[in-house]
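Let me begin by presenting the structure, written as structure tokens, before commenting on it.
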Amino acid sequence: MTAREIRVTLPDGSEKRLPAGATGADLARAIGPGLAKAAVAIRVDGQVWDLARALPDGMKVAVLTDKDPQALDVLRHSSAHVLATAVRQLFPHAKIGFGPPIEDGFYYDFAVPTPFTPEDLERIEAKMHEVVKADYPFVREEVNREEAKRRFTDDPLKLERIDDLGPNEVISVYTDGPFVDLCRGPHVASTGRVKHFKLLHAAGAYWRGDERRQMLQRIYGTAWFTKEDLEAYLRRLEEARKRDHRVLGKQLDLFSIQEDVGPGLIFWHPKGAMMQFQLRRFIEDVILERGYQLVYTPHVTREQLFLKSGHLPLYAENQFPPMAAGEGEAEDVRYRVKPMNCPMHILIYASQQRSYRDLPIRLAEIANVYRNERSGTLHGMLRVRGLTMDDAHLFLRPDQIEDEIFQLLDIVELVLGKTFGLSYRLDLATRPAKKLGSDATWDQAERALEEALKRRGLTYRTDQGGGAFYGPKIDVKFNDAIGREWQGATIQLDFALPERFQLEYAGEDNKPHRPVMIHRAIYGTLERFCGFLIEHFAGAFPLWLSPEQVRVLPIADTQLAAARAVQRRLAAAGLRAVVDERNETLNYKIRDGETHKVPYMAVVGQREADAGTVAVRLRGEGKKQVVLSVDAFVAKLQEEVRTRALTPLV
RNA sequence: GCUGACGUAGCUCAACUGGUAGAGCAGCUGAUUUGUAAUCAGCAGGCUAAGGGUUCGAGUCCCUUCGUCAGCUCCA
């Protein structure tokens, strides 16, 4: 039987009758000419289809326009094909890999004998505009496996992909003008729809993300429906660059990395160090109120300890090589600088007999550890080799796990959410390939974390295989200024190390029991957290964190003594203030204070000197000034610091 | 670690196809004594990342090493 007519349901619930064989484009046209023009693709039963595909009878169908985020993915995917079309015309021997849409754009991977140069990118982009102008329709075909292989005989990467497809999978190919690609789709109607794009950069990328396989050349680009969107995006990249912690860190004189000393090793300059000091104080106060105890442990240890803990060889590639023992010691004694603190804290736990009454025992140490991170992964303060962890190890009875995780999630929220006003994501990271302990213990540990997250009603993603080698973890993730994702806080449950170190406590039953461990950090590391804060606040830190809180500005030399007196009053009240004594105009000093993001400038002219007041200028607030008595100014600032306010109280 | 690009004064950047390294800001000195985002003048500042090579001559060309940046891989 062949129906002459089909019926589809639109999102508003209304029904539309169309002749059999009608396409998405026909549907859009039937609804209205405006929609026909704006239509990019259709959504059928949750799946996005080409406009040119025939509609199925009796389904729910929505027409996607350029306002729809899913349509943007389609556009970017098509942009990737336009890119490949251009590359194949300029480099006929380029083999094609994958070319998906990504956040804000797209890429396409090519196997070429020589990498693309910046000049190549310009030529490719010009050629892309020609492809757009030619307005080739994207034509979809479904083919069988043999046919697919025949079409891609010269593209080994595509052949490999075809072999990976399951027996029942539909194999589709898309053609736009001279270019044919193995592709699931969907695509925009024709290349002419791809107008507002820009190639950004080329870089190597391993085939299928596997570093043992060949390296392809990946070209990244961005694409938008309108010129305005494209320009706004490029401006956004520009803005992001300005809040990059590496740029601000230099401008604000917070930290440096010195080639003489080595990559990934941070010098905290006085201003950065003041921030670290404030962060330490804060977290130490928080945890000391919650039953933690501070410890300090050595930076190097006999290698034996890391053998026992299982770090060697599981973690060896991230550790610096061993050092020989000093003169007079046995030759085979080697020392290692520590990449983690857990074995150290375990030794403190094991240094005496523990009772079930003692647990939980919470040992905390803001400690420097060193990890031999691969050189290409280093990134300012966000990925370093010398790390300052706000580390702690909790030793628990099994029945205390859930409460402890609840307490930790509360601390995370207090510190990250409430104090810094951050929004963050939670990941549940499960067992990796290289791991300690049996699957049964991993099952138990993963279930415990998952249970705690669920009971708290928290939303989280699962990071399959992302756990530490000794246990699964709950990770806090955030994005930096240029959109890259980083891990901050972490809560890691560990049944393996207590086993390896034979840890025990005496139970109520007077028998030995094995404690459970939690490894946790709230900031993660002070390097990464501080780098992140620089970007988050764009250098304009809340008062309590600002290295320089007040800059006192005398207008002329005659007010120098008065300005110094104000500075002394502030300093005596525990506030960090300096006087700008330079022989410069007020305008100059204000400009300098603003560029250095000082929260408050206190102007002391003759009027203020006579009246015992200051004319306060707030960071970023322009000419608006508030005249206060010095006493009132001090009191407000103290309150702002005490409450760690995120916005000024003056 | 891999692929590519890059490395010039404290910072941001110049120096055409190889021909004796230059500017702005910052710094210092002096003049000016300033009322809410840059007062004026002068001075000083560089083995052009390091090492080697080609050349009459190298910031510029070649090699090695170190570092930075983007991406991949890996991770707090």
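Rounded to an integer number of Å, the gap from A:Asp391 CG to B:C75 C1' is 15 Å. Atom P of nucleotide B:U34 and atom CZ of A:Arg607 are separated by 13 Å, given to the nearest angstrom. Regarding A:Arg383, its CZ atom lies at a distance of 16 Å from the C1' atom of B:C69, rounded to whole Å. Nucleotide B:G27 holds its P atom 10 Å from the CG atom of A:Asp580, rounded to whole Å. Straight-line distance from the NE2 atom of A:His596 to the C1' atom of B:A26: 9 Å, rounded to whole Å.
Heavy atoms of A:Thr490 sit nowhere under 4.0 angstrom from any nucleic acid atom. The residue A:Arg218 sits close only to the backbone: its heavy atoms come under 4.0 Å of sugar-phosphate atoms, none of a base. Here A:Arg213 lies out of heavy-atom contact (under 4.0 Å) with every strand. Within 4.0 Å (heavy atoms only), A:Val384 reaches at least one base atom of the nucleic acid. Note on A:Gln487: only backbone sugar-phosphate atoms sit closer than 4.0 angstrom, heavy atoms only; bases stay farther off. Using a 4.0 Å heavy-atom cutoff across all strands shown, A:Lys473 reaches sugar-phosphate atoms only and no base atom. A:Glu608 comes within 4.0 angstrom of a nucleotide base, judged by non-hydrogen atoms across all strands. Residue contacts shown for A:Gly605 include a base, since a base heavy atom lies under 4.0 Å away. When heavy atoms are screened at a 4.0 angstrom cut-off, A:Ala615 is found touching base atoms of the nucleic acid. Across all strands, A:Glu584 comes closer than 4.0 Å to base atoms (heavy-atom distances). As judged by a 4.0 angstrom heavy-atom cut-off over every strand, A:Tyr220 is placed among residues touching the sugar-phosphate backbone only.
At B:A26, one or more side-chain N or O atoms of A:Tyr588 fall inside 4.0 Å of OP1 or OP2 (strictly under the cut-off). Remark: A:Arg246 is in phosphate contact with B:A70, judged by side-chain N or O atoms under 4.0 Å from OP1 or OP2. Within the structure, every side-chain polar atom (N or O) of A:Thr377 is placed at least 4.0 Å from both OP1 and OP2 of B:C74.
Atom NZ of A:Lys198 has 12 or fewer heavy atoms from other residues, nucleotides or ligands within 6.0 Å.
Of the charged side-chain nitrogens involved, none lies within less than 4.0 Å of a carboxylate oxygen, so that A:Glu404 and A:Arg520 do not count as a salt-bridged pair.
The gap from the P atom of B:U39 to that of B:U34 amounts to 15 Å, rounded to the nearest Å. For the P atom pair drawn from B:G1 and B:G45, the interatomic distance equals 39 Å after rounding to whole Å. Distance noted for atom P between B:C40 and B:A50: 36 Å (whole Å). With both ends at atom P, the span from B:C72 to B:C25 equals 40 Å, rounded to whole Å. Across the P atoms, B:G24 and B:C62 are found 33 Å apart, a figure rounded to whole Å. Look at the P atom in both B:G51 and B:A9: the space between them is 16 Å, to the nearest Å.
Comparing A:Asp475 and A:Thr558 along RNA chain B, the residue whose closest nucleotide (by nearest heavy atom) sits nearer the 5' end is A:Thr558. Residue order along RNA chain B, read from the 5' end via each residue's closest nucleotide, puts A:Gln217 first among A:Gln217 and A:Gly380.
Judged by distance alone with a 3.5 Å cut-off, no donor-acceptor contact links the side chain of A:Tyr206 to the base of B:G71.
Proximity of the aromatic rings of A:Phe532 and A:Phe420 is defined here by a centroid distance below 6.0 angstrom, and this criterion is not met.
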